Amino acid sequence: MDKIKIIGGNQLFGQVYISGAKNTALPIICATLLTEDAVKIKNIPFLSDIKSLNSLLLQLGTQIEIKEEQCNGHLTQTISYCTPKPTSLVAPYDYVRKMRASYYVLGPLLAKYGHVELSLPGGCAIGARPMDIHLSALEQMGAQIEIKNGYVIADVNGRLKGARVSFHSASVGATCNILMAAALAEGTTIIENAAKEPEIADLIHLLNKMGAKIEGENTSTLTIQGVDKLYGVTHEIINDRIEAGSYAVAAAMTKGRLELINANPEHLQCPLDILRKVGVQIETTPNSIIVDAQNAHLVGQDIYTDYYPGFPTDLQAQFMALMCIADGAAMITESIWENRFMHIPELMRMGANINVHGHASAIVRGVPKLSAAPVMSTDLRASFALILAGLFAEGETIVNRVYHLDRGYEHLEEKFKAVGADIERIVIKD
Ligand code: EPZ
């Protein structure tokens with residue numbers, strides 16, 4: 001388990017290239033299972049979650065060709081996926097346990113091949129993470145679903161049938177799964193209370209290019225007219241709004257100036273508004289964001305996480321780190337996940353002043369200094385929050401359990417070093 005060592009105190013200046021979006025790449029890779037043709041996906045980030053999903057697809061019989069190439073000014077991967085005939089319709093426990101987004105094979109395999117066995121992912125550090133919405137929608141579309149020995153076993157006689165399904169929560173995962181399933185169903189499916197995250201719009205773009213008929217993009221009602229067949233295409237995925245938001249906070253906390261290249265400000269309106277209120281200068285072009293905090297007097301702001309276009313839960317931990325060093329108090333409320341405050345005890349070990357109220361709200365009172373400490377990552381975004389605290393703190397911070405970061409932040413140390421951070425990975429050999 002590698003560690004990251006940071007000596008805090010450096011202001012960050014320069015350019016950060018934002019990578020392809022992890023949470024778009026994952027469903028889109030699984031959408032390639034909907035056709036026998038090759039589908040070429042560009043701008044896929046170098047992340048361990050992508051490697052894990054690729055291993056699962058290889059196990060299903062997908063042929064995968066990886067090419068490294070320049071895309072939007074930096075090195076990315078273009079991966080071609082081709083599944084002419086799956087050799088298995090089972091997503092085993094060992095794959096799903098490593099990467100819960102493996103559940104995105106559910107919709108495509110069931111719609112295309114009429115059968116799938118998926119190990120139930122179970123909960124994780126941030127919450128229980130149920131799948132009831134995915135399963136009940138598929139049942140309404142004619143699937144027979146059984147839970148046996150920790151697996152979802154889903155079958156359908158012939159094709160899935162279009163249905164009107166209404167989600168009790170605007171789940172990103174269920175919206176993706178049902179979009180993919182409905183694309184090949186017989187008849188029309190209407191999803192009510194669908195998620196509106198930009199990752200969903202990108203999946204819709206891909207599916208429509210492949211021949212699907214989906215309307216309602218960026219709204220909470222999606223209409224999918226099922227088609228008989230989908231085809232191979234080339235698609236470039238959008239860039240990662242959460243990575244961009246994370247580096248924006250790094251500029252703010254170090255009183256630096258970062259230009260985030262390949263970042264779409266439209267996808268970050270709510271977090272950028274908060275940063276402006278905190279006192280940071282933000283300039284935008286259609287595909288870049290300049291975050292300038294050189295003369296900023298940081299002032300705490302309340303945050304309430306919500307479904308898109310609300311404030312993203314995936315930036316809550318990073319913004320909490322910022323509020324720890326801003327003047328005044330900030331109330332942070334987490335409304336999406338029931339256990340997403342695991343970074344708080346670690347931030348407090350570095351001198352943050354945080355009071356938790358119930359399980360969903362925390363009052364953060366800004367302090368002038370944080371002190372370096374060895375800290376423990378608990379999940380991907382919490383880990384980045386600890387890196388941010390380490391960049392600000394006086395002295396040497398060691399962040400343990402770095403594998404969380406490798407799941408979702410491409411070339412993290414290189415990106416930070418290039419803009420002036422004193423950061424290095426300590427490789428621990430087994
Ligand atoms: C996606 O998770 C993201 N993961 C998460 O990012 C992100 O935090 C989350 O959406 C919310 O934006 C990926 O895209 C791979 P949900 P997902 O289904 O799809 C409830 C990160 O850090 N719910 O939108 O699993 C659920 O409990 C990760 O990159 C049900 O009740 O999230 C939660 O309260 C972490 N039943 C809410 O909906 C269901 O069947 C939103 O969950 C499904 C979800």
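Just so we're clear, the structure is a prediction, and the values are computed from it rather than from any experiment. Just follow the structure's listing: the first ligand is 1, and inside any ligand the first atom is 1. By convention here, the first residue in the shown sequence is residue 1.
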Could you tell me the residue and atom name of the protein heavy atom closest to atom 36 (N) of ligand 1, and the distance to it rounded to 0.1 Å? D132 OD1, 2.7 Å
Look at atom 4 (N) of ligand 1 and find which of D49, N177, N23 reaches it with the closest heavy atom. N23
For the backbone of A195 and the side chain of T175, can you confirm whether one donor and one acceptor N or O come within less than 3.5 Å of each other? yes
Hey, are E65 and K40 close enough for a salt bridge, meaning a charged N less than 4.0 Å from a carboxylate O? no
Closest candidate by heavy atom, reference atom 20 (C) of ligand 1, pool A21, S169, A137: S169
Looking at ligand 1, is there an atom of it that comes within less than 4.0 Å of some heavy atom belonging to Y103? yes
E338-ligand 1 polar pair, N/O distance under 3.5 Å: no
Backbone or side chain, does any N or O of R129 fall under 3.5 Å from an N or O of ligand 1? yes
Taking N208 for its side chain and I214 for its backbone only, find out whether a donor-acceptor pair lies under 3.5 Å. yes
Hey, is ligand 1 close enough to Y307 that some N/O pair sits below 3.5 Å? no
What are the atoms of ligand 1, with element, lying closer than 4.0 Å to any heavy atom of M131? 40 (O)
Residue selection (non-hydrogen contact nearest atom 28 (C) of ligand 1) among L380, T313, D314: D314
N/O donor-acceptor pair under 3.5 Å between Q77 side chain and P45 backbone: yes
Would you say R381 and ligand 1 have an N/O pair spaced under 3.5 Å apart? yes
Checking the side chain of N10 only, and the main-chain atoms of G420 only, is there a donor and an acceptor separated by less than 3.5 Å? yes
In terms of residue, atom name and distance, what is the protein heavy atom nearest to atom 18 (O) of ligand 1? S171 OG, 2.6 Å
Side-chain contact, heavy-atom cut-off 4.5 Å: L380 with K22? yes
Measuring from non-hydrogen atoms of H168 to any atom of ligand 1, is the shortest distance under 4.0 Å? yes
Looking only at protein heavy atoms, which one is nearest to atom 1 (C) of ligand 1, and how far off is it? V172 CB, 4.1 Å
Between the side chain of D240 and the main-chain N/O of S19, is any donor-acceptor distance below 3.5 Å? no
Looking only at protein heavy atoms, what sits closest to atom 9 (C) of ligand 1 is W337 CZ2, 3.8 Å
Does ligand 1 have any atom that is closer than 4.0 Å to a heavy atom of R100? no
How far is atom 35 (C) of ligand 1 from its nearest protein heavy atom, and which residue and atom is that? R340 NH2, 3.5 Å
Quick check: does any side chain N or O of S383 sit under 3.5 Å from a backbone N or O of S377, one acting as donor and the other as acceptor? no
Could you tell me if the ring centre of Y17 sits under 6.0 Å from that of Y247? no
Under a 3.5 Å distance rule, please check whether D202 uses its side chain to pair with a backbone N or O of T24 as donor and acceptor. no
Quick one: does P130 get within less than 4.0 Å of ligand 1, heavy atoms only? yes
Would Q316 count as a contact of ligand 1 if the rule is a heavy atom under 4.0 Å away? no
With nothing but distance in play, are any N or O atoms of G173 less than 3.5 Å from an N or O of ligand 1? yes
Quick check: do L405 and F384 have side-chain heavy atoms less than 4.5 Å from each other? yes
Would D379 and R407 pass as an ion pair if we require N to O under 4.0 Å? no
Within the structure, does I133 bring an N/O atom to less than 3.5 angstrom of an N/O atom in ligand 1? yes
Do any N/O atoms on I336 end up under 3.5 angstrom from N/O atoms on ligand 1? yes
Output yes when E69 and K42 qualify as a salt bridge under the 4.0 Å nitrogen-oxygen rule, no when they do not. yes
